Undergrad: 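Next up is a structure, given as structure tokens.
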Amino acid sequence: MRTTIALITGANKGIGLETARQLGARGVTVLAAARDEERGRAAERALRADGADAWFVRLDVTDAGSVRQAADWIDTEHGRLDILVNNAGIVPRTRGGPPSQADLGAMREVYEVNVFGVIAVTNAMLPLLRRSPAPRIVNVSSEVGSITSMTDPASPLARMPAGLAYPSSKSALNMITAMYARELRDTPIKVNAANPGYTKTDLNRNSGFRSVTEGAEASVHLATLPADGPSGILWGHLWTADGPADGYGTLPW
Ligand SMILES: NC(=O)c1ccc[n+]([C@@H]2O[C@H](COP(=O)([O-])OP(=O)(O)OC[C@H]3O[C@@H](n4cnc5c(N)ncnc54)[C@H](OP(=O)(O)O)[C@@H]3O)[C@@H](O)[C@H]2O)c1
């Protein structure tokens with residue numbers, strides 16, 4: 001039986017590391033991508049200590065050369081890719097102010113990783129994914145990229161202060177997900193966006209109310225969808241006005 005091969009970007013910590021751990025526990029060969037060699041090797045060691053067949057791959061999603069090298073390495077070593085989890089993501093270095101005070105430099109930095117990085121990695125990996133019998137692409141997005149949720153007065157998200165860089169980057173990622181799914185709808189490739197929910201990681205200075213174990217569940221679910229599973233949806237943790245619903249489902253775009 002062939003093993004399933006998964007590439008997870010930003011896999012050295014947070015939701016990405018946990019996604020690699022959970023996929024590894026299911027017998028998937030995990031290519032744990034990280035932009036920093038030392039952090040990536042540490043993740044590889046931790047994943048192997050947990051019994052996973054894990055391999056560090058250097059990959060900075062904003063560096064075209066590194067994306068190319070990662071794709072070439074996977075081609076040489078495995079000749080195909082079954083699962084791509086576009087997990088790497090950032091928030092602005094300084095808390096972004098309101099839209100009227102948007103720092104375009106900070107916005108570009110966020111878009112380089114959360115938006116352009118996903119496109120660069122996806123397009124570099126697509127030839128490898130096309131060689132898989134059941135390819136799955138998961139774009140780790142967020143409910144804060146859901147324009148419907150963010151503008152619904154009944155949603156807890158409507159109470160968030162207005163910001164631009166991060167939420168709009170995830171809205172762009174949602175549309176990117178929908179458009180890849182449309183292009184690839186006559187192929188076995190499924191492309192979906194994951195909503196981890198508000199998860200305790202460095203991204204939010206560990207203020208999230210969900211554990212990384214819970215936060216990775218949406219990515220793992222979408223990465224392992226059966227042949228009759230959906231493509232072109234935003235799926236994951238649901239949060240209602242009454243608080244965390246502790247349920248999963250499809251979110252509105
Ligand atoms: N935490 C939440 O509540 C939450 C909610 C919804 C969505 N998300 C999304 O979940 C994903 C993972 O976030 P997290 O919460 O686990 O954050 P995290 O702990 O800060 O991890 C982010 C990961 O992305 C990597 N990364 C950043 N820039 C990169 C680049 N240019 N190339 C490659 N890797 C890069 C980081 O590597 P370094 O260690 O080298 O910086 C790190 O491994 C992100 O897409 C985030 O937007 C998170």
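What you see is a predicted model; the values in this text were computed from it and never measured. For reference, positions follow the sequence shown, starting with 1. Whatever order the structure lists them in is the order used to number ligands and atoms, beginning at 1.
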Undergrad: Give the numbers and elements of all ligand 1 atoms closer than 4.0 Å to a heavy atom of P196.
TA: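 Close to P196: 6 (C), 7 (C), 8 (N).
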Undergrad: Just verifying a value: how many Å separate F116 CZ and R108 CZ, rounded to the nearest 0.5 Å?
TA: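 Rounded to the nearest 0.5 Å, the CZ-CZ separation comes to 9.5 Å.
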Undergrad: Looking only at heavy atoms of S141, does any of them come nearer than 4.0 Å to an atom of ligand 1?
TA: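 Yes; S141 lies near enough to ligand 1 that a heavy-atom distance drops under 4.0 Å.
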Undergrad: Heavy-atom pairs closer than 4.0 Å: do any link ligand 1 to the side chain of R39, the backbone, both, or neither?
TA: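 The side chain, only.
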Undergrad: Nearest protein heavy atom to atom 17 (O) of ligand 1, by residue and atom, and its distance?
TA: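 For this ligand atom, the closest protein heavy atom is L203 CB, 3.4 Å.
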Undergrad: Starting from atom 22 (C) of ligand 1, what is the nearest protein heavy atom, named by residue and atom, and what distance separates them?
TA: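 Result: G89 O, 3.7 Å.
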Undergrad: Quick one: side-chain hydrogen bond (donor to acceptor under 3.5 Å, both in side chains) partners of S66, sequence neighbours excluded?
TA: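 Residues passing side-chain hydrogen bond (donor to acceptor under 3.5 Å, both in side chains) with S66: none at all.
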Undergrad: Looking only at the side chains, is there a donor atom on one of S141 and N174 sitting less than 3.5 Å from an acceptor on the other?
TA: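 Indeed, the side chains of S141 and N174 share at least one donor-acceptor pair under 3.5 Å.
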Undergrad: Using 30° and 60° as the class boundaries, would you call the ring planes of F209 and W239 parallel, tilted or perpendicular?
TA: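 Taking W239 first and then F209, their aromatic rings stand perpendicular (interplane angle over 60°).
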Undergrad: Could you check which of N12, V67, N195, V144 puts a non-hydrogen atom nearest to atom 36 (C) of ligand 1?
TA: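 Answer by nearest heavy atom: N12.
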Undergrad: Under 3.5 Å, side chain of T199 to main-chain N/O of G208, donor-acceptor pair present?
TA: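 No; judged by distance alone, with no hydrogens or angles, the pair does not exist.
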Undergrad: For atom 31 (N) of ligand 1, what's the nearest protein heavy-atom neighbour? Residue, atom name and distance, please.
TA: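 I find the closest protein heavy atom is D60 OD1, 2.9 Å.
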Undergrad: Is the contact between T201 and ligand 1 made by the side chain, the backbone, both, or neither, using heavy atoms and a 4.0 Å cut-off?
TA: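 T201 to ligand 1: side-chain contact only, backbone stays beyond 4.0 Å.
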Undergrad: Can you tell me which residue and heavy atom of the protein come closest to atom 32 (N) of ligand 1, and the distance to 0.1 Å?
TA: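 Here the nearest protein heavy atom works out to V61 N, 3.0 Å.
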Undergrad: Pull out every atom of ligand 1 sitting under 4.0 Å from any heavy atom of S142, numbered as shown with elements.
TA: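 Counting atoms of ligand 1 from 1, those under 4.0 Å from S142 are 6 (C), 7 (C).
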Undergrad: Checking the side chain of T9 only, and the main-chain atoms of A88 only, is there a donor and an acceptor separated by less than 3.5 Å?
TA: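 Yes.
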Undergrad: Enumerate the atoms of ligand 1 whose separation from the nearest heavy atom of V140 is less than 4.0 angstrom.
TA: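 The atoms of ligand 1 under 4.0 Å from a heavy atom of V140 are 9 (C), 10 (O), 11 (C), 45 (O).
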Undergrad: Does I15 reach ligand 1 with a nitrogen or oxygen that is under 3.5 Å from one of the ligand's nitrogen or oxygen atoms?
TA: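 N/O-N/O distance below 3.5 Å exists for this pair.
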Undergrad: Assess whether atom CZ of R93 is packed by more than 12 heavy atoms of other residues, nucleotides or ligands within 6.0 Å.
TA: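 Check fails, neighbour count at 12 or below.
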Undergrad: Are any of the N/O atoms on R35, whether in the backbone or the side chain, positioned under 3.5 angstrom from an N/O atom of ligand 1?
TA: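 Right, the criterion is met.
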Undergrad: Verify the neighbour count for atom CH2 of W55: are there more than 12 heavy atoms of other residues, nucleotides or ligands below 6.0 Å?
TA: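 At most 12 heavy atoms, drawn from other residues, nucleotides or ligands, come within 6.0 Å of this atom.
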Undergrad: With heavy-atom distances below 4.0 Å as the criterion, list the atoms of ligand 1 near L59.
TA: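 In order of number, 32 (N), 33 (C).
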Undergrad: What I want to check is whether the side chains of S207 and Y198 have a donor and an acceptor closer together than 3.5 Å.
TA: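 S207 vs Y198: donor-acceptor pair found between side chains.
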Undergrad: Is it the case that ligand 1 has an N or O less than 3.5 angstrom from some N or O of V113?
TA: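 Min N/O separation from ligand 1 is not below 3.5 Å for V113.
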Undergrad: Among all protein non-hydrogen atoms, which one is nearest to atom 3 (O) of ligand 1, and what is the separation to 0.1 Å?
TA: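 Checking every protein heavy atom, the shortest distance to atom 3 (O) of ligand 1 gives T199 N, 2.7 Å.
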Undergrad: Looking only at protein heavy atoms, which one is nearest to atom 25 (C) of ligand 1, and how far off is it?
TA: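 Result: G10 CA, 3.7 Å.
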Undergrad: Can you find a non-hydrogen atom of T9 under 4.0 Å from ligand 1?
TA: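 So T9 does not count as touching ligand 1.
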Undergrad: Does ligand 1 have any atom sitting under 4.0 Å from a heavy atom of D36?
TA: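 D36: no contact with ligand 1 (<4.0 Å).
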Undergrad: To the nearest 0.5 Å, how far apart are CG in D82 and CD1 in I189?
TA: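 The CG atom of D82 sits 11.0 Å away from the CD1 atom of I189.
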Undergrad: Considering heavy atoms of the protein only, find what lies nearest to atom 8 (N) of ligand 1 and give residue, atom and distance to 0.1 Å.
TA: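 Scanning the protein heavy atoms, the shortest distance from atom 8 (N) of ligand 1 goes to Y166 OH, 3.5 Å.
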Undergrad: Quick test: of every protein heavy atom, which one is nearest to atom 18 (P) of ligand 1, and how far off is it to 0.1 Å?
TA: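 Of every protein heavy atom, K13 CE, 3.8 Å lies nearest to atom 18 (P) of ligand 1.
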Undergrad: How many angstroms lie between atom CD1 of I176 and atom OG of S171, to the nearest 0.5 angstrom?
TA: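 Rounded to the nearest 0.5 Å, the CD1-OG separation comes to 10.5 Å.
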Undergrad: Can you confirm whether Y180 sits close enough to I137 that some side-chain heavy atom of one is under 4.5 Å from a side-chain heavy atom of the other?
TA: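 Heavy-atom side-chain distance check fails, nothing below 4.5 Å.
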Undergrad: Do T3 and D53 come close enough that some side-chain heavy atom pair is under 4.5 Å?
TA: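 T3 vs D53: side chains apart.
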Undergrad: If you round to the nearest 0.5 Å, how far is CD1 of I5 from CZ of R80?
TA: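 If I round to the nearest 0.5 Å, the distance is 4.0 Å.
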Undergrad: Would you mind listing which atoms of ligand 1 come within a distance below 4.0 Å of any non-hydrogen atom of N87?
TA: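 Matching atoms, with element in brackets: 11 (C), 12 (C), 44 (C), 45 (O).
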Undergrad: Which atoms of ligand 1 are found less than 4.0 Å from any heavy atom of G197?
TA: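 So the atoms of ligand 1 that pass are 2 (C), 3 (O), 4 (C), 5 (C).
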Undergrad: Is it true that a side-chain atom of N114 and a backbone atom of K170 form a donor plus acceptor pair closer than 3.5 Å?
TA: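 No, because the side chain of N114 does not come within donor-acceptor range (under 3.5 Å) of the backbone of K170.
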Undergrad: So for E18, does at least one of its heavy atoms come nearer than 4.0 angstrom to any atom of ligand 1?
TA: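 Checking ligand 1 against E18, which is what was asked, there is no heavy-atom contact under 4.0 Å.
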Undergrad: If the cut-off is 4.0 Å to any non-hydrogen atom of I90, which atoms of ligand 1 fall inside it?
TA: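 Ligand 1 atoms under the 4.0 Å threshold to I90: 27 (C), 28 (N).
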Undergrad: With a cut-off of 4.0 Å, which atoms of ligand 1 are near a heavy atom of A88?
TA: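 Selected atoms, number and element: 24 (O), 26 (N), 33 (C), 34 (N), 35 (C), 45 (O).
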Undergrad: Applying salt bridge (Lys or Arg N to Asp or Glu O under 4.0 Å), run through R58 and D60 and close with a yes or a no.
TA: CA-CA 7 Å; R58 209 193 82 74; D60 180 334; 5.4 Å; no
Undergrad: Does any N/O atom on K170 come nearer than 3.5 Å to any N/O atom on ligand 1?
TA: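 Right, the criterion is met.
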